[in-house]
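Here is the structure we will look at, set down as structure tokens.
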Amino acid sequence: MNTPTSSKPKALIVIPSADLLPLTEPAGHPGVSTGFYLVELAQILKEFGDEYDFTFATPGGLVPQLEINGLALSMHAAAKFSSATVSATAAQVFRFDVDAFRAKRPGLVARRDTELALARRYLGRLPVSEALPGSDKEVVVLRDDLIKSMQDLPEHTFPSVEQLVHRHRDPEDSFDLGAFDFVHMPGGHAPMVDFVDNPWLGELLHTLRENRVLISLICHAPIAMASAKYRVSPDGTVVTDSEHAFNGVRVTTVAKSAELFVLSNGYLKIPGKKVRMGYFIDEALGDAGYQVQTTTNPTAIKVIWEEGVRLLTSNGPQAIDEHTAHLRTLLPRH
């Protein structure tokens, strides 16, 4: 069950586990391989790993998939994300030499290596998403080595969100969602599939809120808040309430402009085709009743803290260091 039993403080990590992102265009497309962004989780593990015991879960109890495109070196540049992306793109246009490319970016390589070591330590053997036509050339080379590096690791099991809620409600089970200091959910495109329209995730969010557990969401993960319209009663009845306690609070997330760039110029680009996903997260959260705040420059950092509901959101991998530092200031000192 992967549930901590020590006396250390506890944190819950809910990782999206969808491995296929549906597309509405091109018509009839089967969808693209996807997963979660390690960079949006690993900094949390690094910052709090010595202090906290983690419980890892996924929406449906499936093993999460690493998003290979989230391992591009520019994704690990945090506040320097924009300049790192421009530099990486220019370096890969002609006569790409992966060794020379990495040699010029030793700090980013070292950070990624550290984060991959954390993934192996905490998450075990993970599937890795497929490289796409628009994938960064360096991560295409990385993928095979990454899979080999994990092949001898044990495959962990992950409880589902529904199982967590049931255990919390069971008077004979000592598991208590209120015992966690915080929950963190990383992004990648996977949350667009299994964080949305998920009644059990809605019930989890409200149970955590009622127990004053801090909720931390980054990049695509804030789409989870669209599921807050749902509650699930003890008999399994799903109730929808558009006037729920989170309604109207401020959130930030990946901007539509950033998504359009990824669809037309980034790793989701399909050469010669117009590519569209089913929806944009910022628009969906606005439709769900939230005050969505994004940045004009999609690579700028945005972090929002809503104290009343103890909700911390930020807008992408560029924000992970600031997000983590802000989370640290909000948590009790142990």
Side-chain angles (χ1 to χ4, degrees), residues 9-14 16 40-41 43-44 47-48 52 55 57 59 161 164-165 168-169 176-187 191 195-233 238-255 281-295 300-316 319-334:
K10 299 172 177 60
L12 174 62
I13 308 292
V14 179
E40 296 172 352
L41 170 59
Q43 187 63 20
I44 299 292
E47 174 69 22
F48 300 104
Y52 278 80
T55 291
V161 167
L164 296 183
V165 174
H168 174 77
R169 290 172 169 176
D176 177 15
L177 286 169
F180 293 108
D181 279 358
F182 70 92
V183 60
H184 179 71
M185 304 184 196
F195 276 12
V196 68
D197 288 329
N198 187 326
W200 286 107
L201 186 57
E203 182 61 35
L204 176 73
L205 290 168
H206 283 289
T207 302
L208 294 170
R209 174 188 56 77
E210 289 161 355
N211 284 274
R212 301 292 295 164
V213 178
L214 191 154
I215 298 167
S216 163
L217 311 172
I218 185 169
C219 196
H220 293 74
I223 192 59
M225 300 312 300
S227 291
K229 64 183 178 182
Y230 298 114
R231 298 299 303 258
V232 184
S233 66
V238 176
V239 178
T240 302
D241 178 11
S242 61
E243 300 301 320
H244 55 83
F246 290 108
N247 183 54
V249 304
R250 295 175 305 136
V251 297
T252 191
T253 187
V254 58
I281 290 181
D282 54 357
E283 292 180 345
L285 287 172
D287 291 343
Y290 294 95
Q291 298 181 55
V292 184
Q293 299 180 2
T294 57
T295 57
I301 294 171
K302 184 79 171 178
V303 181
I304 292 178
W305 167 239
E306 280 282 33
E307 185 173 4
V309 290
R310 297 185 58 76
L311 176 64
L312 180 69
T313 58
S314 60
N315 63 340
I320 185 56
D321 288 355
E322 187 169 324
H323 182 107
T324 304
H326 199 153
L327 177 58
R328 166 59 78 184
T329 69
L330 298 169
L331 294 172
R333 288 287 180 178
H334 294 286

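Side-chain atoms are counted along with the backbone in the values below, which use heavy atoms only and exclude waters and symmetry mates.
- At least one side-chain heavy atom of Pro16 sits under 4.5 Å from a side-chain heavy atom of Pro186.
- In this structure the side chain of Tyr290 never reaches within 4.5 angstrom of the side chain of Leu311, judged on heavy atoms.
- The minimum heavy-atom distance linking Phe180 with Ala11 is given by the pair CD2-C, 3.4 Å.
- We find the NZ-CD distance between Lys302 and Glu322 to be 10.5 Å, quoted to the nearest 0.5 Å.
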**Derivation and outcome, side chain to side chain contact (heavy atoms under 4.5 Å, CB included), residues Phe195 and Leu217** = CA-CA 11 Å; Phe195 276 12; Leu217 311 172; 5.7 Å; no

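- Residues Gln43 and Asp321 have side chains in contact (heavy-atom distance under 4.5 Å, counting atoms from C-beta outward).
- To the nearest 0.5 Å, atoms OG1 (Thr313) and CD1 (Ile304) are separated by 5.0 Å.
- Considering every non-hydrogen atom in both Leu201 and Ala224, the closest pair reads CD2-CB, 3.7 Å.
- To the nearest 0.5 Å, atoms NE2 (His168) and CG (Leu204) are separated by 9.5 Å.
- The CG atom of Leu164 sits 7.5 Å away from the OG1 atom of Thr55 when rounded to the nearest 0.5 Å.
- Between Leu177 and Val213 the shortest side-chain heavy-atom distance does not fall below 4.5 Å.
- Closest approach of Glu40 and Gly187 over heavy atoms only: OE1-N, 2.8 Å.
- Residues Ser216 and His323 share a closest heavy-atom pair of OG-NE2, 2.7 Å.
- Ring geometry, His206 versus His244: the interplanar angle exceeds 60°, so the pair is classed perpendicular (tilted spans 30 to 60°).
- Of the possible polar contacts, one joining the Glu203 side chain to the Val232 backbone as a donor-acceptor pair under 3.5 Å is found.
- One distance of note links CG of Asp282 with CD of Gln293; it measures 12.5 Å at 0.5 Å rounding.
- Here the side chains of Phe48 and Leu331 are in contact, with some heavy-atom distance below 4.5 Å.
- Heavy atoms only, all atoms of each residue included: His220 and Thr253 are closest at CA-OG1, 4.2 Å.
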**Asked** Could you walk me through whether Ile44 and Phe182 pass the side chain to side chain contact (heavy atoms under 4.5 Å, CB included) check?
**Response** CA-CA 11 Å; Ile44 299 292; Phe182 70 92; 4.0 Å; yes

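- Across all non-hydrogen atoms, the minimal contact from Pro222 to Ser314 is CG-O, 4.4 Å.
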**Prompt:** Can you list the steps and then say if Asn198 with Tyr230 is a side chain to side chain contact (heavy atoms under 4.5 Å, CB included)?
**Reply:** CA-CA 8 Å; Asn198 187 326; Tyr230 298 114; over 6 Å; no

**Derivation of the side chain to side chain contact (heavy atoms under 4.5 Å, CB included) call for Met225 and Leu205** = CA-CA 8 Å; Met225 300 312 300; Leu205 290 168; 4.1 Å; yes

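- Remark: side-chain polar atoms of Arg250 are paired, donor with acceptor, to backbone N or O of Trp305 under 3.5 angstrom.
- To the nearest 0.5 Å, atom CG of residue Leu312 and atom NE2 of residue His184 are 9.0 Å apart.
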